[in-house]
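Below you will find the structure I want to go over with you.
Every number for a ligand or one of its atoms is a count from 1 in the order of the listing. Here the structure is a predicted model, which is why all the values come from computation and not from measurement.
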Amino acid sequence: MSEGPPTEAPDAGHVRAKSVVVVNTGDGKGKSTAAFGVLLRASARDWKLAVVQFLKSGKWHVGEEEAARRLDVDWWSIGEGFTWDSDDLSEDEAVAKEAWAHARAVLAAGEHRLVVLDELTYPINWGWIDVSEVVDAIVHRPEHVNVVVTGRDAPAAIVDVADTVTEMVNVKHAFDRGVRALRGIDY
Ligand code: ATP
Ligand code: MG
């Protein structure tokens, strides 16, 4: 027999946080799109918003960047693009470190109420960015700054300091059946 609808508010006794840290990880599609969904919500509250996109080259102008600019989001794509297109990985590493230095400054400045660090886990997992620096910057951020981190294989140290962690599970993906990334859906 069904228990019927809940009659008590599930958040009775819950406290209001000044900010939270959200991590979207896992192999399935949706980590970045979910982060941009939060950006939409925050935009509706007139928050000042920032995105630092690691890996993706500023030359690509992905759809989310275009839309975010219309919402007045401060947007930095400081990656060099795909590592498999790269002829100089040490250059990519230097660029990733630069992107991180910038992201750290944005977090510490506290000018933005939401900072999305898109694809941050990849350069961390390749050993290009020191995870303890990232944890330190997140833990010591100004208390009103919300953070969303995306990317596969989120390091345990980041999961530890996050408030909400979601693992996207890959049930199936068109790419595995030979379908190319689709403009408007995938970028
Ligand atoms: P999205 O940006 O679509 O939310 P994502 O952020 O979860 O994807 P990333 O690891 O950042 O995933 O990969 C970025 C690109 O790879 C996107 O074009 C996305 O559609 C595609 N992608 C995501 N998951 C998979 C998968 N399991 N297999 C193949 N391609 C994927
Ligand atoms: Mg992504």
Check your understanding: Of all N/O/S atoms in E119, which lies nearest to the Mg ion (ligand 2)?
Key -> OE2
Practice item. Go through ligand 1 atom by atom and flag the ones less than 4.0 Å from a non-hydrogen atom of G28. Key: 7 (O), 24 (N)
Check your understanding: For atom 24 (N) of ligand 1, which candidate among R180, M168, K29, Q53 holds the nearest heavy atom?
Key ->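 Ranked by closest heavy atom to atom 24 (N) of ligand 1, first place is K29.
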Exercise for review: Answer yes if the side chains of T121 and D153 hold a donor-acceptor pair under 3.5 Å, and no otherwise.
Suggested key: no
Review point. Is T150 close enough that one of its N/O/S atoms sits under 2.8 Å from the Mg ion (ligand 2)?
Key: no
Check your understanding: Which atoms of ligand 1 are found less than 4.0 Å from any heavy atom of N170?
Key -> 27 (N)
Practice item. Examine the proximity of ligand 1 to D27 and report which part, side chain or backbone, both or neither, has a heavy atom under 4.0 Å away. Key: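 Looking at D27 and ligand 1, just backbone atoms fall under 4.0 Å.
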Exercise for review: Counting heavy atoms only, name the option from K31, R183, H173 that's nearest to atom 22 (N) of ligand 1.
Suggested key: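 Nearest option to atom 22 (N) of ligand 1, by heavy atoms: H173.
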Check your understanding: Looking at R152, which atoms of ligand 1 are within less than 4.0 Å of one of its heavy atoms?
Key -> 10 (O), 24 (N), 25 (C), 26 (C), 27 (N)
Review point. Has ligand 1 got any nitrogen or oxygen that is less than 3.5 angstrom from a nitrogen or oxygen of I185?
Key: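 No.
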Practice item. Using a 4.0 Å heavy-atom cut-off, say whether F36 meets ligand 1 through its side chain, its backbone, both or neither. Key: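 It is neither part, as no heavy atom is under 4.0 Å.
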Practice item. Establish, from distance only, whether the side-chain atoms of S19 and R113 form a donor-acceptor pair under 3.5 Å. Key: no
Practice item. Using a strict 4.0 Å cut-off to heavy atoms of E119, name the atoms of ligand 1 that fall inside it. Key: 11 (O)
Practice item. Under the salt bridge (Lys or Arg N to Asp or Glu O under 4.0 Å) rule, what do K29 and D186 come out as? Steps first, then yes or no, please. Key: CA-CA 9 Å; K29 174 176 166 63; D186 292 305; 3.0 Å; yes
**Study point:** Pairwise side-chain contact, R69 with E65, heavy-atom cut-off 4.5 Å (strictly under)
**Key:** yes
Check your understanding: Does ligand 1 have an atom under 4.0 Å from some heavy atom of T150?
Key ->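 Outside the 4.0 Å threshold, so no.
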Point to revise | Distance-only polar pair, side chains of W100 and E133, donor-acceptor under 3.5 Å | key: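 Distance-only check passes for W100 and E133.
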Review point. With a 4.5 Å heavy-atom cut-off, do I129 and V131 have their side chains touching?
Key: no
Exercise for review: Return the set of residues passing salt bridge (Lys or Arg N to Asp or Glu O under 4.0 Å) with D130 (not counting sequence neighbours), or none when no residue passes.
Suggested key: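 Listed in chain order: nothing, the list is empty.
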Exercise for review: Would you please say whether a donor-acceptor pair under 3.5 Å links the side chains of S32 and D118?
Suggested key: yes
